[in-house]
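Below is one structure, written out as structure tokens; comments come after it.
Computed from a predicted model, the values in this text were never measured in an experiment.
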Amino acid sequence: MEWTTFLSRLTLWAFAGAAVGLLVGLVLLGLDVVDNPFWCVSGGILVAAVAMPMREAVSRDR
């Protein structure tokens with residue numbers, strides 16, 4: 001995979017992780033579990049940034 005393809009996929013995954021993290025954070029904020037929903041956003045970005053290369057490696061092995 002070219003580096004531009006890898007970078008674009010990683011960026012899309014990070015944006016998707018941020019969106020999911022924001023939704024989860026806002027739900028938790030509404031339930032009064034967290035004070036700052038942006039911690040969930042950063043967690044979503046982290047999970048997406050780790051999951052994307054792992055998913056690519058698994059699909060390449062098949």
Side-chain angles (χ1 to χ4, degrees):
M1 173 184 326
E2 293 183 22
W3 69 272
T4 54
T5 305
F6 177 81
L7 189 62
S8 65
R9 287 184 184 176
L10 183 62
T11 303
L12 289 174
W13 275 69
F15 279 131
V20 170
L22 181 61
L23 290 175
V24 169
L26 290 175
V27 167
L28 292 176
L29 183 67
L31 295 173
D32 201 28
V33 175
V34 296
D35 291 329
N36 188 354
F38 295 109
W39 284 108
C40 296
V41 172
S42 63
I45 292 171
L46 176 69
V47 168
V50 170
M52 192 281 294
M54 290 174 49
R55 183 173 180 269
E56 294 296 323
V58 168
S59 66
R60 186 174 45 233
D61 290 342
R62 290 183 183 180

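Under the side chain to side chain contact (heavy atoms under 4.5 Å, CB included) criterion, Leu28 pairs with Val24, Val33, Val34, Cys40, sequence neighbours left out. Residues that satisfy the side chain to side chain contact (heavy atoms under 4.5 Å, CB included) test with Thr4, not counting sequence neighbours, are Glu2. In terms of the side chain to side chain contact (heavy atoms under 4.5 Å, CB included) criterion, Val47 has no residue partners (sequence neighbours excluded). Residues passing the salt bridge (Lys or Arg N to Asp or Glu O under 4.0 Å) test with Arg55, sequence neighbours excluded: none. Checked against side chain to side chain contact (heavy atoms under 4.5 Å, CB included), Phe38 has the following partners two or more places apart in sequence or in another chain: Leu22, Asn36, Val41.
Counting all heavy atoms, side chain and backbone alike, Ala14 lies closest to Ile45 at O-CG1, 3.7 Å. Closest of all the heavy-atom pairs between Gly17 and Ala48 is CA-CB, 4.0 Å. What you find for Trp13 and Ala51 is that their closest heavy atoms are CZ3-CB, 3.9 Å.
Applying the salt bridge (charged side-chain N to carboxylate O under 4.0 Å, His left out) definition to pairs two or more places apart or across chains, those involving residues 4-30 are Arg9-Glu56.
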